[in-house]
2 protein chains.
Amino acid sequence: MPYSNFASMPCTLSRPAALLGERWTLLLLRQIFLGTRRFEDFQATMDISRSVLTDRLNVLLQENVLKRVPYHEDGRTRHEYRLTEKGRDLYPVLMALRTWGEKWMAPDEEESFHLHHRDCGGGVRAKVECTECAAELTARDVQVTARQ
Amino acid sequence: MPYSNFASMPCTLSRPAALLGERWTLLLLRQIFLGTRRFEDFQATMDISRSVLTDRLNVLLQENVLKRVPYHEDGRTRHEYRLTEKGRDLYPVLMALRTWGEKWMAPDEEESFHLHHRDCGGGVRAKVECTECAAELTARDVQVTARQ
DNA sequence: TAGCTGAGTTCGAAAATCGAACGCAAGGGA
DNA sequence: TCCCTTGCGTTCGATTTTCGAACTCAGCTA
């Protein structure tokens, strides 16, 4: 099975993993969550080649993670890339990466930005919980059952 | 900046994103969390080319996400790849992907496996919360502040 | 001695990515 | 009107990754 087939596997983990597991896609989403919206700005801040940037943006548009929104500047109509609701829902994925990065990849606490809860100023953390008892779960607390 | 430089950026999100954003890496981790541990089994279940599999396993070993553990079979010593504590801590990332996949990529509820909390049988869900007030957070609830 | 098996390594072909140049439409200014 | 700039891509040849099949090697087993 080539890589691309994971994108159509009947598995709700492998399909997102195949989509976001393409080179640049996670970094592109990071940039979007940090507020970048325009082609030129992605190109400038990430130094990704223009053709690959075009491709990744198109894949995310096609998957309905992003949408193109027209806007006006200097009396001209242009387009910017913005998250859809589906795209905004990827926030926990990025936050899980960051929570992990803070714990395991930050020897000197350096960070390029801070995150705060607007209402109370607290920090931000991703976690896994049980939908019934609301306990926080680790891999060891979870039983995997193969279907069929 | 080439892709590889994100791996050394002073950002606790971009470094994990660059590491897990390489082709095959997320799918490999999925397989590991599902219990696969041996080279031949990765190769058989994912149909990844042997040389790329070698490379990805080595990167994860080097990052201390995986460790090689000797075991005996048929009186021979072999090695298997197992998660370290750092690796097990990636569970929320995979669960965030799955939570998203269930909501947005499962038109007919099909799944190749089920997950249950061992203690109470409940489902599993990733979420983002405030470290102070424990409120569940979305991207809109969080303020981004650039450092420096 | 020969064969099998798990775990890679090697290597030529194919695919993805890169960087630099080009295209193009919509202003703005002369 | 003509030329220049800007934002957003597209094209294309060179480089890097990935692929797939064959090869290697060590330790059993027959």
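Below, chains carry the letters A, B, ... as their sequence lines are ordered, and counting in each starts from 1. Just so you know, these numbers use all the heavy atoms, side chains as well, and skip hydrogens, waters and symmetry mates.
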Check every nucleotide of DNA chain C for an atom under 4.0 Å from a heavy-atom of chain B, then give the first and the last such nucleotide from 5' to 3'.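 The footprint of chain B covers C:dT5 to C:dT10.
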
Closer to the 5' end of DNA chain D via nearest nucleotide, is it A:Tyr3 or A:Phe39?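 By nearest-heavy-atom nucleotide position, the 5'-most residue is A:Phe39.
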
Taking for each residue the nucleotide of DNA chain D with the nearest heavy atom, is it A:Leu57 or B:Asp47 whose nucleotide lies nearer the 5' end?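 Here A:Leu57 is the residue nearer the 5' end.
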
pair [X]-[Y]: side-chain heavy atoms closer than 4.5 Å:
X	Y	result
B:Met46	B:Leu27	yes
A:Arg98	A:Leu115	yes
B:Pro70	B:Arg78	no
A:Arg37	A:Arg82	yes

Return the 5'-most residue of the pair B:Glu40, B:Ser51 with respect to DNA chain C, ranking by each residue's nearest nucleotide.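 Of the two residues, B:Glu40 wins.
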
Closest-nucleotide 5' rank along DNA chain C - winner of A:Arg50 and B:Arg78: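 Here B:Arg78 is the residue nearer the 5' end.
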
Any Lys/Arg nitrogen of A:Lys127 or B:Glu136 sitting under 4.0 Å from an Asp/Glu carboxylate oxygen of the other?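 No, no charged N to carboxylate O under 4.0 Å.
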
Charged N-O contact under 4.0 Å between B:Glu80 and B:Lys67: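 Looking at B:Lys67 together with B:Glu80, the answer is no, because their closest N to O distance does not fall below 4.0 Å.
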
Check against side-chain contact (heavy atoms from CB on, under 4.5 Å), A:Phe39 and A:Leu57: CA-CA 9 Å; A:Phe39 191 94; A:Leu57 288 170; 3.9 Å; yes

Regarding B:Phe42, tell me which of base, sugar-phosphate or nothing describes its non-hydrogen contacts under 4.0 Å with the strands shown.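 The residue B:Phe42 makes no contact with any strand.
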
Applying a 4.0 Å non-hydrogen cut-off, can you work out what B:Tyr81 is touching in the nucleic acid: base, sugar-phosphate, or nothing?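 Counting heavy atoms under 4.0 Å across all strands, the contact made by B:Tyr81 is with sugar-phosphate only.
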
Are A:Phe42 and A:Tyr71 linked, directly or through intermediate hydrophobic residues, by side-chain heavy-atom contacts shorter than 4.5 Å (ILVMFWY only)?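 Unlinked, A:Tyr71 and A:Phe42 end up in two clusters.
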
Students should find this one: the first and last nucleotides of DNA chain D, 5' to 3', lying under 4.0 Å from a heavy atom of chain B. What are they?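 Range of nucleotides within reach of chain B: D:dT18 to D:dT29.
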
